[in-house]
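Only this structure's heavy atoms are used, side chains among them; waters, hydrogens and symmetry mates stay out.
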Amino acid sequence: MTHSTRIVGALALLLIGCAGCTEDEQTKQAAALQPLAVREQASSIVKGDDGYVVNWAGVLANTNPWHFGEHVVATVVAKNSQGKEVVRLEQPLDAVPPAGTLPFTGQAVTQDKPSTVSITYRPAHWHQAGRIVSAFQPFPIREVLTDRTADGDYLVTGYVGTPYVIPARSLAVTALLRDKRGKLLGGGSTFVDNVQAGQKRRFIMQIKSVQNTRDIASAEVSARTWGSSSRPFEQLALGGSLPLNTVKPKMPPFAKDRGRQAPLAGAGHP
């Protein structure tokens, strides 16, 4: 074996060892991440004009401060009184931000009357965030109004804006319906497109998920980027946020400072 051959062999072994270390570090990092937690969930079955409406709502929590939970899928199964499946649906969920939550809702219609509803979740894929948690700001929700319609639906309207410079191409707006004790009863979702900086877009949700809408005491409304990966949210954050104060003060400055300077520590008094 020549000297150059021994050097090449040694470098190859070194590279293999480094690759193994990288895989070990990635494995340890993945093992240290906490799985998404089901903070709360609820389901309901309501008789509608076209069949039975199966509605579900829930909140997933991500306690990891530096990673998005991506490509989460909820599997919803409804069975009749004989145990036969009448609904089986896989619902891809949006990415869960670091140290954040994901409210979600969904519904399906079946001709057979369900008696039970169950929801299971596939484990999340983890993606390390490119920015700190404070860079991922919530989308402001304003002027929320609620109403009960004559046909038993629950109407939620309002406006959504964006704290980011880059336009938000598509946002999912979700309303969680709660009773006076804060218990989750159900909810609904809709989509709003092309939310420009400094503007607001209206949303309307007509929700039929609670048998007696008189039980509803409040609607908790939030918005998030649409998509199972973190890319839309990270692109907005990387583009920067709008300044907090965009209007110049109209009040003229004081002609003279009316305050009094505090004495320095240790300074003597005349």
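- Side-chain heavy atoms closer than 4.5 Å link hydrophobic residues (I, L, V, M, F, W, Y) into clusters, and following such links, even through other members, never connects Val173 to Trp226.
- In this structure, the side chain of Arg148 engages the main chain of Ile216 through a donor-acceptor pair within 3.5 Å.
- When atom types are taken as modelled, the side chain of Asn62 and the backbone of His67 share a donor-acceptor pair closer than 3.5 angstrom.
- In this model, no donor atom of one side chain and acceptor atom of the other lie less than 3.5 Å apart for Ser115 and Ser81.
- The pair Arg88-Glu85 meets the salt-bridge criterion, since a charged nitrogen lies less than 4.0 angstrom from a carboxylate oxygen.
- Atom-to-atom distance recorded for Thr75:OG1 and Leu89:CG is 8.5 Å, nearest 0.5 angstrom.
- Minimum heavy-atom separation, Pro232 to Thr225: CB-CB, 4.0 Å.
- Under a 3.5 Å cut-off, the side chain of Arg201 and the backbone N or O of Asp193 do form a donor-acceptor pair.
- Salt-bridge formation is detected for the pair Glu143/Lys200: a Lys NZ or Arg NE/NH1/NH2 atom is positioned less than 4.0 Å from an Asp or Glu carboxylate oxygen.
- Looking at Asn64, its side chain never comes within 3.5 Å of a backbone N or O of Trp66 through a donor-acceptor pair.
- Here the NZ atom belonging to Lys79 is positioned 6.5 Å from the OG atom belonging to Ser118, to the nearest 0.5 angstrom.
- Under the 4.5 Å side-chain contact rule for hydrophobic residues, Val221 and Leu185 share a cluster.
- Here the straight-line distance linking atom CD1 of Ile207 with atom OG1 of Thr105 works out to 7.0 Å at 0.5 Å rounding.
- Residues Asp179 and Ala217 come closest through the heavy atom pair C-CB, 3.5 Å.
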Pair Tyr164, Phe139 - check ring-ring contact (aromatic ring centres under 6.0 Å, His included), show working. CA-CA 9 Å; Tyr164 301 104; Phe139 297 91; 5.7 Å; yes

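- Neither Val160 nor Leu102 shares a network with the other; the hydrophobic side chains, linked directly or stepwise wherever heavy atoms of I, L, V, M, F, W or Y lie under 4.5 Å apart, form separate groups for each.
- Of all heavy-atom pairs between Ala237 and Ala135, the closest is CB-O, 3.8 Å.
- How far CD of Gln107 is from CD1 of Ile45: 13.0 Å, rounded to the nearest 0.5 Å.
- The environment of CG in Asn212 is crowded: more than 12 heavy-atom neighbours from other residues, nucleotides or ligands sit within 6.0 Å.
- Remark: Glu90 engages Arg122 in a salt bridge, criterion side-chain N to carboxylate O under 4.0 Å.
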Check the pair Phe233, Phe136 against ring-ring contact (aromatic ring centres under 6.0 Å, His included), reporting the backbone distance first and the verdict last. CA-CA 7 Å; Phe233 210 164; Phe136 302 105; 5.2 Å; yes

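- At least one donor-acceptor pair closer than 3.5 Å links the side chain of Glu70 to the backbone N or O of Ser230.
- Under a 3.5 Å cut-off, the side chain of Glu234 and the backbone N or O of Gly130 do form a donor-acceptor pair.
- No more than 12 heavy-atom neighbours from other residues, nucleotides or ligands sit within 6.0 angstrom of CZ on Arg39.
- Side-chain contact between Val77 and Val87: absent, with no pair of heavy atoms (C-beta onward) separated by less than 4.5 Å.
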Take Val38 and Tyr121, measure what side chain to side chain contact (heavy atoms under 4.5 Å, CB included) needs, and give me the verdict at the end. CA-CA 9 Å; Val38 183; Tyr121 305 90; 3.6 Å; yes

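- Between atom CZ of residue Arg224 and atom CG of residue Leu171 there is a gap of 10.0 Å, rounded to the nearest 0.5 Å.
- No continuous path of hydrophobic side-chain contacts links Tyr159 to Val192 [ILVMFWY only; heavy atoms under 4.5 Å].
- Atom NZ of Lys47 is surrounded by more than 12 heavy atoms from other residues, nucleotides or ligands within 6.0 Å.
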Side chain to side chain contact (heavy atoms under 4.5 Å, CB included), that's the test. Do Gln196 and Thr162 meet it? Break it down for me. CA-CA 7 Å; Gln196 301 281 340; Thr162 177; over 6 Å; no

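- A continuous path of ILVMFWY side-chain contacts below 4.5 Å connects Val144 to Tyr154, so both sit in one hydrophobic cluster.
- Taking the six-membered ring for Trp and thresholds of 30 and 60 degrees, His127 and Phe68 have ring planes inclined between 30 and 60 degrees apart.
- Ionic pairing of Arg178 and Glu220 is present here: one or more N-O contacts between side-chain nitrogen and carboxylate oxygen are shorter than 4.0 angstrom.
- The main-chain N or O of Val156 is never found under 3.5 Å from a side-chain atom of Asp147 such that the two would form a donor-acceptor pair.
- Shown here for Leu176 and Gly58, the closest heavy-atom pair between the two residues is CD2-O, 4.5 Å.
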Audit row: Thr174, Ser222, side-chain hydrogen bond (donor to acceptor under 3.5 Å, both in side chains) steps and yes/no: CA-CA 6 Å; Thr174 296; Ser222 60; 5.4 Å; no

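- The shortest distance between side-chain heavy atoms of Val73 and Leu93 does not fall below 4.5 Å.
- For Ala57 against Leu184, the heavy-atom pair with the smallest separation is O-CD2, 3.8 Å.
- Within the 4.5 Å cutoff, side-chain heavy atoms of Pro163 are placed close to those of Pro140.
- A donor-acceptor pair under 3.5 Å links the side-chain atoms of Thr149 to the main chain of Asp153, judged by distance alone.
- For the pair Pro114 and Val54, the minimum side-chain heavy-atom distance is below 4.5 Å.
- Contact record, Phe104 with Trp56: CE1-CD1, 4.1 Å, taken as the closest heavy-atom pair.
- To the nearest 0.5 Å, atoms CD1 (Ile204) and CG (Leu155) are separated by 7.0 Å.
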